[in-house]
Amino acid sequence: MAKGLIPYKVVIEFEKGEFLNGVILYKVNDGGQISRIKSIGIKDAAFNKSTLNGVLQKFIKHANQSEGVSDGQVDL
């Protein structure tokens with residue numbers, strides 16, 4: 001079995017709507033052995049806050065469809 005990455009969490013920081021820096025937390029599945037949580041910094045990502053908002057809207061739409069929410073209401 002090959003190694004696989006198990007994403008856990010991404011933390012992103014923006015400054016004036018533009019990507020500043022970030023961190024991804026993940027685990028590694030190495031032949032069925034799951035590692036502890038590891039992290040690595042994210043630098044020079046080519047996206048901004050409006051791009052992220054578009055992606056989040058897709059996630060919300062998918063969750064609404066999965067849960068049978070017909071009016072698209074989001075309680076934040």
Side-chain angles (χ1 to χ4, degrees):
M1 186 185 285
K3 273 188 180 182
L5 191 74
I6 305 168
Y8 178 69
K9 186 182 291 188
V10 177
V11 178
I12 302 170
E13 185 177 4
F14 292 97
E15 185 173 279
K16 298 180 183 173
E18 296 298 318
F19 177 84
L20 183 61
N21 59 51
V23 174
I24 182 169
L25 303 174
Y26 63 94
K27 294 181 181 183
V28 176
N29 180 347
D30 188 2
Q33 290 275 96
I34 308 297
S35 72
R36 60 181 176 74
I37 294 176
K38 299 179 177 191
S39 66
I40 191 165
I42 304 168
K43 299 279 186 193
D44 302 322
F47 73 99
N48 57 29
K49 206 169 192 177
S50 64
T51 303
L52 177 62
N53 286 338
V55 172
L56 292 174
Q57 289 302 316
K58 289 179 184 179
F59 293 164
I60 290 167
K61 181 179 177 184
H62 177 72
N64 280 333
Q65 290 172 344
S66 295
E67 294 296 331
V69 177
S70 59
D71 64 1
Q73 181 177 341
V74 177
D75 295 326
L76 298 176

Got a second to check how far Ile12's CD1 is from Leu20's CG, nearest 0.5 Å? 11.5 Å

Quick one: do Phe59 and Val69 end up in the same hydrophobic cluster if we chain Ile, Leu, Val, Met, Phe, Trp and Tyr together by side-chain heavy atoms under 4.5 Å apart? no

Kindly compute the distance separating CG (Leu25) from NZ (Lys38), expressed to the nearest 0.5 Å. 13.0 Å

Distance, nearest 0.5 Å, that separates CD1 of Ile34 from NZ of Lys27: 7.5 Å

Side-chain heavy atoms nearer than 4.5 Å, only ILVMFWY residues, links allowed to pass through others: does that put Val10 and Leu52 together? yes

Ignoring hydrogens and angles, tell me if any N or O in the side chain of Ser35 forms a donor-acceptor pair with the backbone of Val28 under 3.5 Å. yes

Would a single hydrophobic cluster contain both Ile37 and Val23, if residues Ile, Leu, Val, Met, Phe, Trp and Tyr are joined by side-chain heavy-atom contacts under 4.5 Å? yes

Can you see which heavy atom on Ile42 is nearest to which on Ile24, and at what distance? CD1-N, 4.0 Å

Determine whether Lys3 and Asn29 make a side-chain contact, defined as any pair of heavy atoms from C-beta on separated by less than 4.5 Å. no

side-chain contact (heavy atoms from CB on, under 4.5 Å) against Val11, all qualifying residues, sequence neighbours excluded: Lys9

To the nearest 0.5 Å, what is the distance between CD1 (Ile60) and CG (Asn53)? 9.0 Å

How are the rings of Phe19 and Phe14 set relative to one another: parallel (under 30°), tilted (30 to 60°) or perpendicular (over 60°)? perpendicular

Between Asn48 and Thr51: side-chain donor-acceptor atoms closer than 3.5 Å: yes

Do the side chains of Phe47 and Val55 join up, straight or via other hydrophobic residues, at under 4.5 Å, putting them in one cluster? yes

